[in-house]
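Take a look at the structure below.
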Number of protein chains: 2
Amino acid sequence: MDVQRLELLRELADRGSITAVALATHRTPSAVSQQLKVLEREAGLPLTQRHGRGLVLTDAGRALARSATDVAVSLAKATALWDEFRNNATGEVSLVTFPTAGQMLLPGVIKNLGPGLVLNCADEDPELSDFPALTAEYDIVLAHSMSGQLSWAGRGLTVVPLMTEPLDVGLPVGHPLADRAWVRPSDLIGETWIGVSDGYPFERILHAIEQEAGAHLSMAQRFADLALIESFVIAGLGIALVPRYTSSGGQPGRLVLKPLRGIESQRQIVALMRPDRAERLAVRTVLDALRAQALQVQHSHTVK
Amino acid sequence: MDVQRLELLRELADRGSITAVALATHRTPSAVSQQLKVLEREAGLPLTQRHGRGLVLTDAGRALARSATDVAVSLAKATALWDEFRNNATGEVSLVTFPTAGQMLLPGVIKNLGPGLVLNCADEDPELSDFPALTAEYDIVLAHSMSGQLSWAGRGLTVVPLMTEPLDVGLPVGHPLADRAWVRPSDLIGETWIGVSDGYPFERILHAIEQEAGAHLSMAQRFADLALIESFVIAGLGIALVPRYTSSGGQPGRLVLKPLRGIESQRQIVALMRPDRAERLAVRTVLDALRAQALQVQHSHTVK
DNA sequence: CACGTCCATGTAGCTAGTCTAAATAATTCA
DNA sequence: TGAATTATTTAGACTAGCTACATGGACGTG
């Protein structure tokens, strides 16, 4: 009963093809195939079965892969333990983020990391990418979900909440509502909206506003890039839901943010990880820094 | 970070010497020494240090060995899971017992085990042996402790309670107390006692009786073998504390058992195991059979 | 429908890691 | 001091697992 082989099975469960596993583990597909065959012979029952030109796991294979995760976790814990023993939170950690979270958190995090710990960051368009799938490639995946609703649960991934960010209504300077302390759904009847990317829980909140206000809202445009959206709002072409900490609201000459009362308008920013990777000391250190930075961002906004 | 090497470290923690580990793992001491050296180099800090002609683990070594146990447990769980998948509770399970528990439980257990599951039993004198140490050699160690007091805790072993057996006062037929339903400590003043082996919590209960009755008790003999003790009691040479389910009490012409009231007089029979071995499907199956048998023994005695 | 592509697997040979065997060093016990 | 016990070192053998290459289905496409 070899751990290496179990690990390969787990990778197969995550990546779906021998070739992908081989690529990820720096081996030839032949080597992977051979090892899985040995595992299957040891197990005494088929773990994979052909499906088209690829293959899929059998029920037994999936079950075994699941417990392989537990093995990987306890192994990672052992490694982390002795890294702690040596006070040695070094190594490389890879991270993907969607743009706004990266802009808000990463610079501060990287500044606060000790020497020997390198954080390799990348960004992915939240519209296009399947966040859970990215955990195969990256140690940490920054994702967001609507408040409460944990869309990431149930796949065996570790989810660490980092912060909740309010989504405010962005208005142009001089807008009739601009001198209010906050706005309510009913205030927003008749406005033209600039839609944001699918990555934000925009649709949900828009529908909630419609339901609350009892009227239909019209959407003029739909953009992914926040700066683009802001420029439209500033130009008076509509209003938009923008994340409070990431927008340029508050700066002179830019747009004005108003909290939305009466409905819950926020997004959860979380870190998604494979359970075993979450145990690595270096990863946990980065996670701590992320949480600290998130707290600081929130704090600096409430004080202001 | 190799599991095999971690396993070796764990064995070293359990067995205390390279030679013992080598013997247990069917290797030469040289191989073990080399592997541990590699592990130590990977770890980056000393895991062992010389002590006389042998060696002892450092703090780091012990810590690492502990987490190695977790790894072994999750691995054993994986193996068990797929054994369940195949409905395959087969293999060999080794067990040591002290004589009375073996006599009471093992015949029934072995009868009820399915084919393909072999249970290799041995017995050890409870006086001479260190029960926890036996878990290195045997999958299951049947041990006993005084009620409540879990003397086996804290060593990282899995403890599964099997039954609690009352310790009754054994009297010769025709003894003045023989027609009573039960006896109390004060009834026993002036009697001569036949001491049982240290394996039973004899001393404790004897002291409790003395304290309760407020008098000193005299002990005539001290034997380990229950049959021998019984023969002395039957011959009228004294009375003794005997385990209710194991003695021959109740059979015609033998001795008479009387429950002891006023103090707690019983022993706990438990199974001791290394955590990883406790996860094996075959071991769990044997354990289930042990519990069932224990229940049946208790039941057959309460009905009668 | 034949061709190129993609994916898994089989075969042969090489390499690296792990074992044994025997010698060495250090310590304890008699 | 000599015998016994224990860990370690070294050299050499063995073997598990890898790569390179070839094979054989399955899919899509001109």
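Residue numbers start from 1 in every chain, and the chains themselves are labelled A, B, ... in the order their sequence lines are given, proteins ahead of strands.
Here chain B contacts DNA chain D (any atom closer than 4.0 Å to a heavy atom, that is under 4.0 Å), and the contacts span dA4(D) to dT10(D) from 5' to 3'. Protein chain B touches strand DNA chain C; the 5'-most and 3'-most nucleotides with an atom under 4.0 angstrom of its non-hydrogen atoms are dT18(C) to dT28(C).
Applying the side chain to side chain donor-acceptor pair (under 3.5 Å) criterion to Gln103(B), with sequence neighbours excluded, gives no partner residue.
Between Val286(B) and Asp288(B), every side-chain heavy-atom pair lies at or beyond the 4.5 Å cut-off. Phe131(B) places a side-chain heavy atom less than 4.5 Å from the side chain of His144(B). By the 4.5 Å heavy-atom criterion applied to side chains, Val71(B) and Val3(B) are counted as neighbours. Under the 4.5 Å side-chain criterion, counting only non-hydrogen atoms from C-beta, Leu106(B) is in contact with Leu95(B).
Residue Ile110(A) comes nearest to Cys121(A) through the heavy atom pair CD1-SG, 4.1 Å, listed as atom of the first residue, atom of the second, then distance. The two residues Pro46(B) and Thr58(B) have their closest heavy-atom pair at O-OG1, 2.9 Å. The shortest non-hydrogen separation linking Leu113(A) to Ala289(A) is CD2-CB, 4.1 Å. Contact record, Pro29(B) with Thr19(B): CG-CG2, 4.3 Å, taken as the closest heavy-atom pair. Thr97(A) and Gly102(A) get closest at one heavy-atom pair: OG1-N, 3.2 Å. Annotation for Ala60(A) and Leu47(A): closest pair C-CD2, 4.2 Å, computed over non-hydrogen atoms.
Taking a 4.0 Å limit (strictly below) on heavy-atom distances, residues 27-41 of chain B reaches DNA chain C at Arg27(B), Thr28(B), Ser30(B), Ala31(B), Gln34(B), Gln35(B). A heavy-atom distance below 4.0 Å to DNA chain C is reached by these residues of residues 47-59 of chain B, ordered by number: Gly52(B), Arg53(B).
Between Asp276(A) and Arg10(A), at least one side-chain N (NZ, or NE/NH1/NH2) sits under 4.0 Å from a carboxylate O, which counts as a salt bridge. A salt bridge links Glu137(B) with Arg15(B); the closest basic N to acidic carboxylate O contact falls under 4.0 Å.
A salt bridge (charged side-chain N to carboxylate O under 4.0 Å, His left out) with Asp139(A) is found for one member of Arg284(A), Arg274(A), Arg280(A) and no other, namely Arg280(A).
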**Report entry** Secondary-structure string, 5' to 3', Watson-Crick or G-U under 3.5 Å, | for another-strand partners, for DNA chain C
**Finding:** ||||||||||||||||||||||||||||||
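Distance check: Arg41(B) CZ to Leu36(B) CG gives 12.5 Å after rounding to the nearest 0.5 Å.
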